[in-house]
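Order of the sequence lines fixes the chain letters, A, B, ..., with proteins taken first and strands second; residue numbering starts at 1 for each chain. In this text, all values refer to a predicted model and were calculated from it rather than measured experimentally.
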Protein chains: 2
Amino acid sequence: MDAYVANALQAGTIMPAARTNQEDVESRPLSNFADGERIYMDGERAGQIYRVEYGAVRICRILANGRRQILAFHFGGNWFGLQAEDLRRSSAEAVGATGIKCVNIQETPGMWQGLLPVILDSFSSAQEHQLVIGRHSAIERVAAFLLEMSDRSGALCKYDLFMPRVDIADYLGLTIETVSRSLTKLKSRGVIKLNGTRGIEILNQEMLENLCM
Amino acid sequence: MDAYVANALQAGTIMPAARTNQEDVESRPLSNFADGERIYMDGERAGQIYRVEYGAVRICRILANGRRQILAFHFGGNWFGLQAEDLRRSSAEAVGATGIKCVNIQETPGMWQGLLPVILDSFSSAQEHQLVIGRHSAIERVAAFLLEMSDRSGALCKYDLFMPRVDIADYLGLTIETVSRSLTKLKSRGVIKLNGTRGIEILNQEMLENLCM
DNA sequence: CGTGCCGTTGACAGGCGTCAAGTACAGTGG
DNA sequence: CCACTGTACTTGACGCCTGTCAACGGCACG
């Protein structure tokens, strides 16, 4: 929990009551999704928010000419699907076998306030990502990605990626070939080790971090 | 006001009381900033949020190697500066002569709930921008930028840009030369007309929109 | 009228996308 | 257990887009 919002909580500007409602989520039924299955789709009416229980979710938008941009990945414990607009402007899809719980936001009073930290966090991630895709070269983007995934796997230096190369590419605004070449380059420089196609081992964290500046 | 949040308001999940507090802002003193002056800076302690009264503000991050990314522009009426973290991770600077009102968020109970639509809006803009810088060519980015600025100038087809080329470039993840060449290309295709260095006139909105897909 | 800043235009090189071929691996069926 | 097949990934060749460097033009200001 972020200090800034925590302070507001202490100061009483966010009612602690808001938190208790979030615990209702635990009792909700778990929905299971197969790899690639849609949780919601661009154009649909928005009314629910979701929490990943296991597996992963990608949020993506597809342009008329077929180009795809993955806006975010969400892993266990992450909330997603909160938005101001009436209609979905992106799709959410399972990455591998995934479990989700969902909440109808209209029927859950007090939910809003508790979700402020959630949306602030999403916003912060989106800004971070803007920086990566706006001002980084291919190898720097891949380096940033590997560090992000490491962090979100509990700061492990050895972990498995949930997603195929094409998802990494569409997240980073690159092609799969460029992602592949960048990984190979990092491997041959001794920065990382690849275990099979999804396994990542960070051998030199400092070099990776230097690439992200 | 977005329908989604408006519904929540009607349903009583957001207390109408939250709105009234926002009107306190009107009585706050107006701070004036000259072109380029900092409103807050990367690394500073965050505790206030801001509203642009006139002029414009850019939110930017600078990397160690000097590369800069502008994350967002804010114009009259826009709020900015809301974040979860304790410390600023970006800087806010005036673009041209600018007037700002600010609110200390800790001292203004009820402010949080009223700001949820604000942060949702910022989030939505950030995602939109991710798409533009992730999956669009130079000319498509410039086209999207011109349409965005048009919309935010009240959907006028003839308007003035607040910012110099370098700000456009750093917003779009391009160089000033590429921005300049893209504008020239749009001009020579008869899509836009340039009035002096800041004046924009959209001659063929449809062609611009097609470029953004 | 000189000076400095901002923007435009041109030449050139390099990074990344595109197209294509080759490799690894999991799943299926014999 | 092994061949077959399809998918995902890697690697290579090539061309284009955009970054870099440089010169030039326009405009505001002193």
Side-chain angles (χ1 to χ4, degrees), chain A residues 34-36 58 63 65-70 93 95-97 132-146 160-189 192-200 211 213, chain B residues 34-36 58 63 65-70 95-97 132-146 160-189 192-200 211:
Chain A
D35 183 41
R58 60 175 174 251
L63 297 171
N65 51 17
R67 288 178 287 189
R68 185 180 75 152
Q69 175 70 39
I70 292 182
E93 298 164 358
V95 181
V132 172
I133 58 182
R135 285 295 180 208
H136 283 175
S137 67
I139 198 164
E140 291 167 342
R141 295 184 206 192
V142 172
F145 177 76
L146 293 177
D160 280 317
L161 295 170
F162 282 77
M163 69 290 289
R165 296 288 187 269
V166 64
D167 283 2
I168 302 176
D170 288 343
Y171 182 57
L172 298 177
L174 299 170
T175 60
I176 50 172
E177 293 93 334
T178 302
V179 170
S180 181
R181 276 187 259 266
S182 299
L183 286 169
T184 304
K185 213 173 281 179
L186 289 171
K187 188 178 77 174
S188 63
R189 288 185 195 170
I192 59 169
K193 189 166 172 292
L194 299 173
N195 303 314
T197 131
R198 300 281 171 94
I200 299 289
L211 277 172
M213 300 286 268
Chain B
D35 183 41
R58 59 174 174 251
L63 296 171
N65 53 16
R67 287 178 287 188
R68 184 178 77 151
Q69 175 70 40
I70 293 182
V95 180
V132 173
I133 58 182
R135 285 295 180 207
H136 282 152
S137 68
I139 199 163
E140 291 167 342
R141 294 185 207 191
V142 171
F145 177 76
L146 294 177
D160 281 317
L161 296 170
F162 283 78
M163 69 291 287
R165 296 289 186 268
V166 64
D167 282 3
I168 302 175
D170 287 345
Y171 182 57
L172 298 177
L174 300 169
T175 60
I176 50 172
E177 293 93 335
T178 302
V179 170
S180 182
R181 274 187 261 266
S182 300
L183 285 170
T184 305
K185 212 171 287 181
L186 289 172
K187 189 178 76 176
S188 63
R189 289 186 196 172
I192 59 168
K193 189 166 173 293
L194 300 172
N195 302 315
T197 129
R198 300 280 171 95
I200 299 289
L211 277 172

- Give a yes or no on whether a donor-acceptor pair under 3.5 Å exists between the nucleobase atoms of D/dC9, that is its base, and the side chain of A/Glu177.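 There is none.
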- Message: For C/dG10, does the base pair up with any side-chain atom of B/Arg181 as donor and acceptor (N or O, under 3.5 Å, distance only)?
- Response: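 In this structure, the two groups form a donor-acceptor pair.
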Just by modelled atom types, is the [Y] backbone N or O under 3.5 Å from a matching donor or acceptor in the [X] side chain?
X	Y	answer
A/Ser188	A/Thr184	yes
A/Arg67	B/Arg135	yes
B/Arg58	B/Tyr171	no

Which whole-number value in Å describes the distance from [X] [atom1] to [N] [atom2]?
X	N	atom1	atom2	value
A/Met163	D/dA8	CE	P	15 Å
A/Leu174	D/dC9	CG	C1'	16 Å
A/Ile176	D/dT11	CD1	P	13 Å
B/Arg135	D/dT18	CZ	P	14 Å
B/Ile139	D/dT18	CD1	P	9 Å
A/Ile200	D/dC9	CD1	C1'	13 Å
B/Leu172	D/dG19	CG	P	11 Å
A/Leu194	C/dC25	CG	P	12 Å

- Message: Does any part of the side chain of B/His136, heavy atoms only, come nearer than 4.5 Å to the side chain of B/Leu172, both counted from C-beta?
- Response: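 With C-beta onward as the side chain, the pair stays apart.
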- Query: When the nearest nucleotide of DNA chain C is assigned to A/Thr197 and to A/Lys185 on a heavy-atom basis, which residue is associated with the more 5' position?
  - Reply: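 It is A/Lys185 whose nearest nucleotide is closer to the 5' end.
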- Message: Reading DNA chain C from 5' onward, which residue's closest nucleotide shows up sooner: A/Gly173 or B/Val166?
- Response: B/Val166
Starting the side chain at C-beta, find the nucleotide from [options] nearest to [X].
X	options	value
B/Ser180	C/dT8, D/dT11, C/dG17	C/dT8
B/Thr175	D/dT10, D/dG19, C/dG17	D/dG19
B/Pro164	C/dC16, C/dG7, D/dT10	C/dG7

- Task: With heavy atoms under 4.0 Å as the rule, sort A/Arg67 into base, sugar-phosphate or nothing.
- Result: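 Nothing, no nucleic acid heavy atom in range.
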- Indicate, with a heavy-atom threshold strictly under 4.0 Å, whether A/Leu183 touches base, sugar-phosphate, or nothing.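 Touches nothing.
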- Task: Might you point out which heavy atoms bring B/Arg68 and B/Val166 nearest each other, and give the distance in Å?
- Result: NH2-O, 3.7 Å
- Below 4.0 angstrom from OP1 or OP2 of D/dG19, is there any side-chain N or O of B/Thr178? yes
